[in-house]
Each structure stands twice: as structure tokens, then as C-alpha cells.
Amino acid sequence: MSADRKDDHIRLAAGQQDDPVRRRGYDDVEIIHHALAGIDRDRVDLSVAVGPWTFPAPFYINGMTGGTDTALAINRALAAAAARTGIPMASGSVGIALDHPEAASSFTVIRDENPTGLVFANIGAGRSVDDAKRAVDLLSADGLQLHLNSVQETVMPEGSREFSSWLGLIEDIVAGLDVPVIVKEVGFGLSAATLGRLRDAGVRIADVAGSGGTDFAKIENDRRGGGHDDYSYLNGYGSSAVQCLLDARTEDFVGPDSAPDFTVLASGGVRHPFDVVKALALGARAVGVAGTFLKVALDEGPDGMVTALETWQARLGEMMAMLGAQTPGALEHTDLLIRGESGEFARLRGLD
Ligand code: FNR
């Protein structure tokens, strides 16, 4: 059952990536072009500090899969490309391998292919400190992604409906692990208020993982097959990464209590390196990519993934030179106009 679900996720998520009608927050973000702002490409340094790590470029392969033969092949392709480029990579939720040890090889292939690179294990909120440790150990992981997915669980027929223990367990896991924890959504976004609660629980790195890209409400609805049993009115639910990054500038997160060492990452709906530029300009330290790279891994295998990761790095460097940003962090000085739904969101949240 669980393994079938993982293959359904891969198939349905891959099918969503070409959908032209979906809302994309990044299309609301316009850069005011300054024709004399440019610098020389060889002055640009793409590397960024995230927690204790240095990423060679401000993006990473986000948590996706594991648990089946198809997932193993995808993880092998992604991990081989991560090893050849140095780009960090997260696994899909390791929960299935903790419950069914025969599924472990579809995850451990990530470390086998990439013995020295940055690898993050992934597990769902609601798991114990012991499970979190086992997830990290399985991959000899450098960090743990802990995902919050109450919307997905709600729409998923076999999903949990019990969420009240999550924050306390997150606090225990952050205190109990000897590697950093990255808390993330799975495509519905983290609000400023949620970021604040995570910060108060001791979390120091969070990925807002907003809507507009892979839609797990739609994936689980498609698995249900329609009729009265369906929750299709939740398709498209959530806040985009653009909205979340704007929200993170409000007093619900930034204020006297704000932790200067808190790192906000962004994912959800990133199609190409220009979306990465926009997320960095909105304040993300680095950007996660799932669905777009899933398609590349499926269609083009490890060599296609290497080409994609190298091309993304090259294009990012060129656009940073064009915009006059010597480092990814310098993109925060980019002049932006926020239009459309994202602009209305910013106004309603008092960010004029
Ligand atoms: C995911 N995602 C995900 N996230 C997570 O924390 N644990 C998981 O096991 C999975 N599984 C998963 C499977 C597949 C096939 C996809 C495409 C995605 C969510 C992912 O990390 C990310 O938050 C969202 O997909 C939004 O980013 P994109 O896809 O719009 O770039």
C-alpha cells in the first residue's frame, strides 16, 4: 500500500510539472532593471552559508522519494548528479524504510552514490526522536529535513488526523539530534506565525515550501478517484513561496524576538534559475527544487541531471553579474515590484 502510494506520487507529480494553468507566485515578481548595475562574471561567488554548511550554489535538490524500485532509480540519478556537482540533496521521507527495512536500499543508494556530499534525510512530523535518529543514521546524513504535511494527510485516505503533538516533538528532535534540523512544508507554505513558533521551539532553519508547484492536495485527490469522497476544493490551497517570503518580513516573524541566526529557505514552484534569483531577492538564503528536477531525472537520467545542475549554476552566475550581485545574499538589494495576487497579499499583510 505504502509503496504503491510512493509510485503514485512520482507519476502524478511528474504529470503536474507541465500544467500551464497553475498560479505561479514568481510571475508576480518583477525586477526593475538597472542597465548600469552589472559587474564582471568572474567576481561572482555563488556559494552560500546555510547553518553549518557551505552550499556551492544557492539551490538544492529537495526531498522527494524512496521506497520502490522506481524511487531507487530516481534517487540514484539525483544522487549521482549531486555527487558530480556538489549540489546538496535531500531524500524522500525515510518513514517507509523505518517501518519496512526491505525498503532501505532505495534510500541508502543516495549515500552510496554520494559518499562525501551534503545529504539530508527526511521524515514526517509526528515521529519520535528515536525515529529521527534512525533516519539520520540510515543515510549518515548531514542534517534532517522534518516535513509538515497536515493538508496532504487530510486529503490522503490513509492519512493521519492528529497533529497536536507535532510542535512538541519538533522541539524534542531539535534538542535530541546532533545534526541540524530543517523544518519544511511539502507545498502549502509556512506562514510568518509558523516560522515564529518554530523559532521559539529551537528550530534555526526552515524551508517555506509553498504552493504553485507540486500540489499534494491534487495528487491525493487524483489517487482518490473523484465522487463524493473527493476534496478537490482543496486543490491549489496554500501560500506560495513568494507570499511566504513576503510574510516572513512582517512583525509576525521579524521583531524584537527574531533570531538573527535563523535561515529561511524557499521551495515550491521553482521552474528555472530566474525563479531562484527572485526567491533570493525576496530574502531566501537558498532555494529547493523538487518537481522540476524529478522530470529531468525521469526523462534524462543522471547525465541530464548533471547538465541541468551545471547549467543552473552557470545561468545563476550570469544573471547575478547582470544584476550586480557579487554574492547570492547581495540579490536582496534588487529593486522589485510585486504585482497581482502576491502584491495584494503584501498589501493585506501591511507591507506597502
Ligand atoms: C515531494 N515532496 C516531499 N517533501 C518531503 O518533505 N518529504 C517527502 O517525502 C516528499 N515527497 C515528495 C515526492 C515527490 C514525487 C515530489 C515531487 C515532492 C515535496 C517537495 O520536497 C517540495 O516541498 C514540494 O514538491 C514543492 O516543491 P516543487 O515540487 O514545486 O519544486
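Both counts, for ligands and for their atoms, begin at 1 and track the order of listing.
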Q: Within ligand 1, which atoms have a heavy atom of Asn122 less than 4.0 Å away?
A: 5 (C), 6 (O), 7 (N)
Q: Using 30° and 60° as the class limits, which term best fits the ring planes of Phe216 and His9: parallel, tilted or perpendicular?
A: perpendicular
Q: For ligand 1, which atoms sit closer than 4.0 Å to a heavy atom of Gly269?
A: 28 (P), 30 (O), 31 (O)
Q: At a 4.0 Å threshold, what atoms of ligand 1 neighbour a non-hydrogen atom of Ala209?
A: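 Close to Ala209: 23 (O).
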Q: Under 30°, 30 to 60°, or over 60°: which ring-plane class applies to Tyr231 and Tyr233, parallel, tilted or perpendicular?
A: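 Rings of Tyr231 and Tyr233: tilted, as their planes differ by 30° to 60°.
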Q: Tell me which one of Met319, Gln326, Met320 satisfies side-chain contact (heavy atoms from CB on, under 4.5 Å) with Val44.
A: Met320
Q: Could you check atom 3 (C) of ligand 1 against the protein and tell me its nearest heavy-atom contact, residue, atom and distance included?
A: Gly63 O, 3.1 Å
Q: Before giving the answer on ring-ring contact (aromatic ring centres under 6.0 Å, His included), spell out for Phe293 and Trp312 the whole-Å C-alpha distance, their side-chain angles and the decisive distance to 0.1 Å.
A: CA-CA 11 Å; Phe293 288 159; Trp312 281 49; 4.8 Å; yes
Q: Check ligand 1 against Val186 and write out every atom of the ligand that is under 4.0 Å from a heavy-atom position of the residue.
A: 4 (N), 5 (C), 6 (O), 19 (C), 23 (O), 24 (C)
Q: Starting from atom 25 (O) of ligand 1, what is the nearest protein heavy atom, named by residue and atom, and what distance separates them?
A: Thr214 CB, 3.4 Å
Q: Output, in order, the C-alpha distance, side-chain angles, deciding distance and verdict of side chain to side chain donor-acceptor pair (under 3.5 Å) for Thr68 and Asp7.
A: CA-CA 7 Å; Thr68 68; Asp7 281 343; 2.7 Å; yes
Q: Just distances here: any N/O of Ala290 and N/O of ligand 1 closer than 3.5 Å?
A: yes
Q: Which residue owns the protein heavy atom closest to atom 9 (O) of ligand 1, what's the atom, and how far is it?
A: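 Among all protein heavy atoms, the one nearest atom 9 (O) of ligand 1 is Ser93 N, 2.8 Å.
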Q: So do Ile182 and Val50 actually touch side chain to side chain, heavy atoms under 4.5 Å?
A: no
Q: Heavy-atom distance under 4.5 Å between the side chains of Ile219 and Gln16, does that happen here?
A: yes
Q: Quick one: nearest non-hydrogen protein atom to atom 26 (C) of ligand 1, plus distance?
A: Gly268 CA, 3.7 Å
Q: On the 0 to 90° scale, with breaks at 30° and 60°, tag the Phe253-Phe262 ring pair as parallel, tilted or perpendicular.
A: perpendicular
Q: To which protein heavy atom is atom 18 (C) of ligand 1 closest, and what is the distance rounded to 0.1 Å?
A: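 In this structure, atom 18 (C) of ligand 1 has Phe216 CE1, 3.6 Å as its nearest protein heavy atom.
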Q: Would you mind checking which non-hydrogen protein atom is closest to atom 23 (O) of ligand 1, with the distance to 0.1 Å?
A: Lys184 NZ, 3.1 Å
Q: Within ligand 1, which atoms have a heavy atom of Gly213 less than 4.0 Å away?
A: 30 (O)
Q: Among Asn221, Asp222, Asp230, which one satisfies side-chain hydrogen bond (donor to acceptor under 3.5 Å, both in side chains) with Asn235?
A: Asn221
Q: Looking only at the side chains, is there a donor atom on one of Gln145 and Asn62 sitting less than 3.5 Å from an acceptor on the other?
A: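 Side chains of Gln145 and Asn62: pair found under 3.5 Å.
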Q: Report yes or no: does a heavy atom of Glu185 sit under 4.0 Å from some atom of ligand 1?
A: yes
Q: Please work out whether the ring planes of Phe120 and Phe55 are parallel, tilted or perpendicular, with thresholds of 30° and 60°.
A: tilted
Q: Which atoms of ligand 1 have any heavy atom of Gly291 under 4.0 Å away?
A: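 Those atoms are 28 (P), 29 (O), 31 (O).
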Q: With heavy atoms of Asn62 as the reference, note each atom of ligand 1 found under 4.0 Å away.
A: 21 (O)
Q: Return the closest protein heavy atom for atom 16 (C) of ligand 1 as residue, atom name and distance.
A: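 Looking only at protein heavy atoms, the one closest to atom 16 (C) of ligand 1 is Met64 CG, 3.7 Å.
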Q: What atoms in ligand 1 come closer than 4.0 Å to a heavy atom of Ala13?
A: 15 (C), 17 (C)
